[in-house]
Amino acid sequence: RQLALIYELSKSNPCIKGIHLEGPFLGVDYKGAQPEEYLQPLLISKFNEFQEAAKGLIKYITISPELQGAEEFIKELVKQKVHVSLGHSSASFEQAKKAVDYGAKGFTHTMNAMKPIDHHSPSIATFALYSKNTYCEVIMDGIHVHPDMVEFIRKNKTNDYIIGITDSLMPAGLPNGDYFLCLELSREFTVPEPIVKRASLLTIVSGVESEDEVTVELYKAGETSPVD
């Protein structure tokens, strides 16, 4: 229903260029705030159902590449000209590499909701920095990823392959406080600037910064100029 609603809104709101479907094709280990009961296996038929509801507006999708059926799923979505990004993932270095070989082009909020860098067990986070010609999204609020780590990612990927994002939810722009979001029905969230946390777990869920604020954080992180 929500996909169909977004499509209808896009008719009168040209700023809506497409939909990023971040879920439900995700693994359990790094699902973040996504309700486990709604997660789905990598089924092309289920994606096609979503895409039909969205009238083709799904342009970008995040999947966990360690899930069974990743090769077929990624290759089919690439044929449909959908940008495949990897995230919410416990994938190994090799699993992430294979996903990129199949056609995935980037990594969703790099370092957040993914198996971290480990020198004994190279992970998806390691491959995100190692890989060439792939894009790394980074949440630039200074909390999700430490500014020194942002600069580390930028130096590995270069300015051409790092994308500063807000990862903001509906409380963006609102004052600090407690809110109920439809994300997980009636579960409570709190906004201690500039992030959103699950009130029951004090788990970071998302950001609340604007794009302008994220751009400023990118400049502050290192040797990046407004021209870059």
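R154 places a side-chain heavy atom less than 4.5 Å from the side chain of N159. Side chains of E137 and H20 form a contact here, defined as non-hydrogen atoms less than 4.5 Å apart. Between I139 and T110, the closest side-chain pair of non-hydrogen atoms is not below 4.5 Å. Counting heavy atoms from C-beta on, the side chains of F50 and K46 come closer than 4.5 Å. In this structure, Y60 and V82 have side chains that are not in contact, with every pair of non-hydrogen atoms separated by 4.5 Å or more. Side-chain contact between L86 and V100: present, with at least one pair of heavy atoms (C-beta onward) separated by less than 4.5 Å.
Residues forming a ring-ring contact (aromatic ring centres under 6.0 Å, His included) with Y135 (at least two apart in sequence, or on another chain): Y161. Contacts of E94 classified as side-chain contact (heavy atoms from CB on, under 4.5 Å), with partners at least two apart in sequence or in another chain: S92, K97, K98. Remark: S12 engages no residue in a side-chain contact (heavy atoms from CB on, under 4.5 Å) (not counting sequence neighbours). Annotation: side-chain contact (heavy atoms from CB on, under 4.5 Å) contacts of I16 (sequence neighbours excluded): I6, L9, S10, N13, L57.
If you chain together ILVMFWY residues whose side-chain heavy atoms come under 4.5 Å of each other, V28 ends up grouped with L26, L39.
Transitive grouping of hydrophobic side chains (ILVMFWY, heavy atoms separated by less than 4.5 Å) brings I74 and I19 into a common cluster. L43 is not connected to Y38 by any chain of hydrophobic side-chain contacts under 4.5 Å among Ile, Leu, Val, Met, Phe, Trp and Tyr, and they are in different clusters. Connection of L42 to M114 is established within a shared hydrophobic cluster, with ILVMFWY side chains joined at heavy-atom distances below 4.5 Å, either directly or through further cluster members. By the criterion of side-chain heavy atoms lying less than 4.5 angstrom apart, applied directly or through intervening Ile, Leu, Val, Met, Phe, Trp or Tyr residues, Y102 is grouped together with Y130 in one hydrophobic cluster. Under a hydrophobic clustering in which Ile, Leu, Val, Met, Phe, Trp and Tyr are joined whenever their side-chain heavy atoms come within less than 4.5 Å, directly or via other members, M111 and F107 fall into different clusters.
Distance alone, capped at 3.5 Å, is enough to place a donor-acceptor pair between the K17 side chain and the P14 backbone. Judged by distance alone, with hydrogens and angles left aside, the side-chain atoms of T126 form a donor-acceptor pair with the main-chain N or O of S123 at under 3.5 Å.
Note that NZ of K115 is 9.5 Å distant from CG of D29, once rounded to the nearest 0.5 Å. Between the CD1 atom of I61 and the CD atom of E22 there is a distance of 10.5 Å, given to the nearest 0.5 Å. From I44, atom CD1 reaches atom CD of E76 across 5.0 Å, with rounding to the nearest 0.5 Å. One finds the NE2 atom of H109 at 13.0 Å from the CD1 atom of I163 (value rounded to the nearest 0.5 Å). Distance check: T134 OG1 to L129 CG gives 9.0 Å after rounding to the nearest 0.5 Å.
In terms of heavy-atom proximity, V150 sits nearest to I162 at O-CD1, 4.3 Å. Counting all heavy atoms, side chain and backbone alike, Y30 lies closest to A113 at CB-O, 3.5 Å.
Within a 6.0 Å radius of CD in Q2, no more than 12 heavy atoms belonging to other residues, nucleotides or ligands are found.
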Salt bridge (Lys or Arg N to Asp or Glu O under 4.0 Å) between K55 and E52, worked out:
CA-CA 5 Å; K55 299 295 190 291; E52 183 178 352; over 6 Å; no

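A side-chain N or O of T108 and one of S85 form a donor-acceptor pair less than 3.5 Å apart. Counting only N and O atoms by type, the side chains of N48 and Q80 include a donor and acceptor under 3.5 Å apart.
Ring planes of F25 and F47: tilted class, angle from 30 to 60°.
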Atom pairs and distances, donor-acceptor, side-chain atoms in residues 63-73, under 3.5 Å, two or more places apart:
from : atom 1 : to  : atom 2 : distance (Å)
S64  : OG     : G27 : N      : 2.8
S64  : OG     : G87 : O      : 3.3
S64  : OG     : H88 : O      : 2.7
E66  : OE1    : S89 : OG     : 2.7
E66  : OE2    : S90 : N      : 3.1
E66  : OE2    : S90 : OG     : 3.3
E71  : OE2    : K75 : NZ     : 2.7

